[in-house]
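Notes follow once the structure below has been shown.
Numbers here simply count residues along the sequence, with the first being 1.
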Amino acid sequence: MISITAIFKGKPEHNDQIQKMLHHLITETRKEEACVRYDLHTAENVFIIWEEWKDQPGLDIHNSQPYLADFISQIRDLVSDPIQVYKTTQIL
């Protein structure tokens, strides 16, 4: 199992657009065979995507999807800082 956490802070004036983009990204990603979990959490303008993948090949397929590439290219101007992505291992 592979866990990914992505964290970013949106510019407040783009909150509605960011949420629409995230809805599309999450809807499409959850259709992927290797996707175990792809959940969105938020607090004010901070967005956290918590992901779990069956294996690295499945994550590689996800990372090559056009809807992910579109999201990444479009979100750059809507966030106050770059997206932070952490690939983690559960220890407890």
Are side-chain heavy atoms of Leu25 and Tyr67 found at a separation under 4.5 Å? yes

Once you round to the nearest 0.5 Å, how far does CD of Gln19 lie from NE2 of His24? 16.0 Å

If we ignore hydrogens and angles and just use 3.5 Å, is the side chain of Lys31 paired with the main-chain N or O of Ile26 as donor and acceptor? no

Heavy-atom nearest pair, Lys87 first then Ile2, reads CE-CG2, 3.7 Å

If we only count heavy atoms from C-beta on, is the Thr42 to Ile48 side-chain gap below 4.5 Å? no

SG of Cys35 to CD of Glu51: how many Å apart, nearest 0.5 Å? 7.5 Å

Linking I/L/V/M/F/W/Y whenever any side-chain heavy atoms sit under 4.5 Å apart, do Tyr38 and Val36 land together? no

NE2 of His41: more than 12 outside heavy atoms within 6.0 angstrom? yes

Could you tell me if the side chain of Arg37 sits less than 4.5 Å from the side chain of Trp50, heavy atoms only? yes

Leu78 vs Gln74 side-chain heavy atoms within contact, under 4.5 Å: no

Would you say that Thr5 contacts Ile49 through its side chain, given a criterion of any heavy-atom pair below 4.5 Å between the two side chains? no

Taking CD in Gln90 as the centre, count heavy atoms belonging to other residues, nucleotides or ligands within less than 6.0 Å. Is the count above 12? no

Val79 versus Phe47: any side-chain heavy-atom pair under 4.5 Å? no

Atom CG of Asn15 and atom NZ of Lys20: how far apart are they, to the nearest 0.5 Å? 11.0 Å

All N/O donor-acceptor pairs, side-chain side in residues 57-64, below 3.5 Å, sequence neighbours left out:
residue, atom, partner, partner atom, Å
Asp60, OD1, Gln56, NE2, 2.7
His62, ND1, Glu32, OE2, 2.8
Asn63, ND2, Leu59, O, 3.4
Ser64, OG, Ile61, O, 2.8

What distance do Leu40 atom CG and Thr29 atom OG1 have between them, rounded to the nearest 0.5 Å? 11.5 Å

Are the charged groups of Asp39 and Arg30 less than 4.0 angstrom apart, N to O? yes

CD (Gln65) and CG (Asp70) are apart, to the nearest 0.5 Å, by 11.0 Å

Connected via hydrophobic side-chain network under 4.5 Å: Leu68 and Trp53: yes

Given side chains that start at C-beta, do those of Tyr86 and Ile7 come closer than 4.5 Å, heavy atoms only? yes

Rounded to the nearest 0.5 Å, how far does CG of Asp81 lie from CZ of Phe8? 12.0 Å

